[in-house]
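Just the heavy atoms: all of them, side chains too, but no hydrogens, waters or symmetry mates, feed the values below.
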Amino acid sequence: MTTTSEQRVQDPAVLRAAMVSELREDTIASEAVAAAFSVVPRHLFAPGEQLEVVYEANTPLVTKTGPDGTALSSVSAAHIQAVMLEQAEIEPGMRVLEIGSGGYNAALIAELVGAEGSVTSVDIDPEIAARARVCLRSAGYERVRVLQADAEYGVAEHAPYDRIIVTVGAWDIPPAWIEQLSERGRIVVPLRFAGLSRCIAFDRSGPGLVSHSYCLGGFVPMQGEGSFAETLVPINGEATLRLDGPDPGFDVPALRAAMHGPRIERWSGAAFDLPDELELFVVTSARQVPFLFASQQLVDQGVFTPAVTYGAAVLVEGGSFAYRTKRENEDTGGWESGVFAYGPRAEAVAERYVALLRRWATQYRRRGAARIEYLPTTAVGAAPAGWYAPKRHGVVAVSWP
């Protein structure tokens, strides 16, 4: 016998209201975005999924996988969609291009732009584009235009766009996106650089773009012309360095020997806090900072701490390296940052890393401290001052004012 409580749990409207209430606690700040999430029936964009799962705020819904089980397309978690829509600050009447079609996010955008605005959604996969059209039609959003094409080239026939929202992981910003952006337009994109991804809201600044805001966030990687593969440098069968650029010539035999030799630990006396902001600071404070990934077996053997199973930013000097760790310390607000270092120059590389930890804690321990710019190749003369990462079509430059 079905109880009243069970019936309420199975009611999409009840579940949707609960999801919006949760998102309002720490993500949704505007009434317009809250209203959009309150009316768009998310379950119609995930047929076959359990309603409770569909309306979980932090659960992405995979809609297509590759032969090896890798996710090729998904309806993103409502949390990250809300974050990006808040970053976009979409207004009624705007023209919006969405890159990466799932259907649900396009429907949210359609609510935000209203009857006077327009939404164009593009996806390289014809199956995903067709699925988005069907879902949008079933939910009553036929006015959303869904096209199958390589998003590297944008959709020129419906430009200019006041907002371009990218819902796939991008390694670069193609010239077409900037060319098709209105003079006061904004691009919100999960951009990969220095081995990490950040959802960045870029506004126009001369021929290039400058960050209005950024936050942690990652998506299924872009396919087509905009695809990119990271560089893997195996240290041994259990540990690997990963980086976006070419291998600079790491001394792998020396690093392998250091890994199994003695290690030292050094503590900064500085607070460990906002790890995503600290990580961004570290990787953009040196020219080449790879990420170390290692197996659980090496953690169990005491070679590394659990941080390396998810990837830890490492400073490398010849056959020596160091990565960040933490320990409890009430004097620093609960946690203190430090490093473990290995190899013949362990003291030097540890000192260099600790100096970065202290500098961040004293000068940049807050959200949004970095300034991120994108400079198209046509606008780049000499190399930018400070840290930068070359791309196919331009340069990503990060500074810490």
Would you say [X]'s side chain and [Y]'s backbone share a donor-acceptor pair under 3.5 angstrom?
X: Arg371; Y: Ser399; answer: no
X: Arg95; Y: Val119; answer: no
X: Thr240; Y: Pro234; answer: no
X: Arg263; Y: Ala341; answer: no
X: Tyr374; Y: Ile173; answer: yes

Might you point out which heavy atoms bring [X] and [Y] nearest each other, and give the distance in Å?
X: Leu356; Y: Ser285; answer: CD2-CB, 3.7 Å
X: Asp150; Y: Glu225; answer: OD2-N, 3.0 Å
X: Thr332; Y: Ala271; answer: O-CB, 3.3 Å

For atom CD of Glu157, is the number of surrounding heavy atoms from other residues, nucleotides or ligands below 6.0 Å larger than 12?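 Yes, the 6.0 Å shell around CD holds more than 12 heavy atoms from other groups.
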
Contacts of type side-chain hydrogen bond (donor to acceptor under 3.5 Å, both in side chains), residue Gln180, not counting sequence neighbours: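 Here no residue qualifies.
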
May I ask you to check whether Ser30 and Glu86 show a side-chain donor-acceptor distance below 3.5 Å?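 Yes - a donor-acceptor pair under 3.5 Å links their side chains.
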
Can you tell me which residue among Val314, Val283, Leu243, Leu241 is in a side chain to side chain contact (heavy atoms under 4.5 Å, CB included) with Phe291? Val283

Taking the ring of Phe228 and the ring of Trp171, is the distance between their centroids below 6.0 Å?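 Trp171 vs Phe228: aromatic centres under 6.0 Å.
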
